[in-house]
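Report on the structure given below.
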Amino acid sequence: AQSVTQLGSHVSVSEGALVLLRCNYSSSVPPYLFWYVQYPNQGLQLLLKYTSAATLVKGINGFEAEFKKSETSFHLTKPSAHMSDAAEYFCAVSDQGTGGFKTIFGAGTRLFVKA
Amino acid sequence: GAVVSQHPSRVICKSGTSVKIECRSLDFQATTMFWYRQFPKQSLMLMATSNEGSKATYEQGVEKDKFLINHASLTLSTLTVTSAHPEDSSFYICSARAGNQNLYEQYFGPGTRLTVT
């Protein structure tokens, strides 16, 4: 089964600083990878997805992620953090099992943005 | 496009009662639907996968007699928490996969907050 590991349960940055949220995947086949954001008491919002096309994926709200096969990584970045970016971020992989694909989530990383 | 709704958004029930949560795909046919559970400050854990017209497939450790899933149509799946207890209080999120396109992608609903008193 495929899985993702998010390094760091909490990340704190200053407003305007670079945001880097780490995700490593475990997969024997080319994976489908996703980043989601969740604001308090809300559902998930898809930030971006990798589907084996371009390795650098641009998403919404200025986020992007780069798929690096050699490092089995799919880290999420944003050049300049805003206060509104404070939320929980989940890396996810689409795992193909006997019943078809199903999305499996990492443990999540909470992003804090300091003024 | 690809909108999934859930109803209700919040529900409070007494211990021992049952509660039903609906998940609908509004603008596409969902051959497969998924139910996730999220405890406070934790990740989403897949509970079960259901295909329209078939019995749901439950993940290891999920009680199928407690969490009844029905996927009777291509746009509706329901999760019934039977004989709910306070430890069942959680955020339940459904998702749906469209029929024959982008089989790897799921569209998520806004979630239902269940509180059992």
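Sequence lines set the chain letters: A, B, ... in the order given, protein chains first and strands last, and positions in each chain run from 1.
With a 4.5 angstrom heavy-atom cutoff, Tyr32(A) touches chain B only via side-chain atoms. Asn41(A) touches chain B through backbone and side chain together, each having a heavy atom under 4.5 Å away. Looking at Gln6(B), neither its backbone nor its side chain comes within 4.5 Å of chain A, counting heavy atoms on both sides. Within the 4.5 angstrom heavy-atom criterion, no atom of Ser9(A) approaches chain B.
Per-residue counts of heavy-atom pairs under 4.5 Å with chain B were compared for Pro40(A), Ala92(A), Ala107(A); the largest is that of Ala107(A). Ranked by non-hydrogen atom pairs under 4.5 Å with chain A, the options Ile93(B), Leu44(B), Thr32(B) are led by Leu44(B). The choice from Gly111(B), Pro110(B), Ser9(B) that makes the most heavy-atom pairs within less than 4.5 Å of chain A is Pro110(B).
The interface of residues 71-84 of chain B with chain A, defined by heavy-atom distances below 4.5 Å, is empty.
Side-chain contact between Asn24(A) and His75(A): present, with at least one pair of heavy atoms (C-beta onward) separated by less than 4.5 Å.
Here Phe63(A) contributes atom CZ and Leu21(A) contributes atom CG; the two are 7.0 Å apart, rounded to the nearest 0.5 Å. Atom CZ of residue Phe67(B) and atom CD1 of residue Ile21(B) lie 9.5 Å apart, to the nearest 0.5 angstrom. Once rounded to the nearest 0.5 Å, the distance linking OH of Tyr25(A) with CD of Glu71(A) reads 10.0 Å. With rounding to the nearest 0.5 angstrom, the CG atom of Asn61(A) is 7.0 Å from the OG atom of Ser84(A).
Environment of NZ in Lys69(A): sparse, with no more than 12 heavy atoms of neighbouring residues, nucleotides or ligands closer than 6.0 Å. The number of heavy-atom neighbours closer than 6.0 Å to CZ of Arg113(B), taken from other residues, nucleotides and ligands shown, is above 12.
Taking Glu59(B) as the reference, Lys102(A) meet the salt bridge (charged side-chain N to carboxylate O under 4.0 Å, His left out) condition, with sequence neighbours excluded.
For the pairing with Arg110(A), the side chain to side chain donor-acceptor pair (under 3.5 Å) check across His10(A), Gln38(A), Glu88(A) returns one residue only, Glu88(A).
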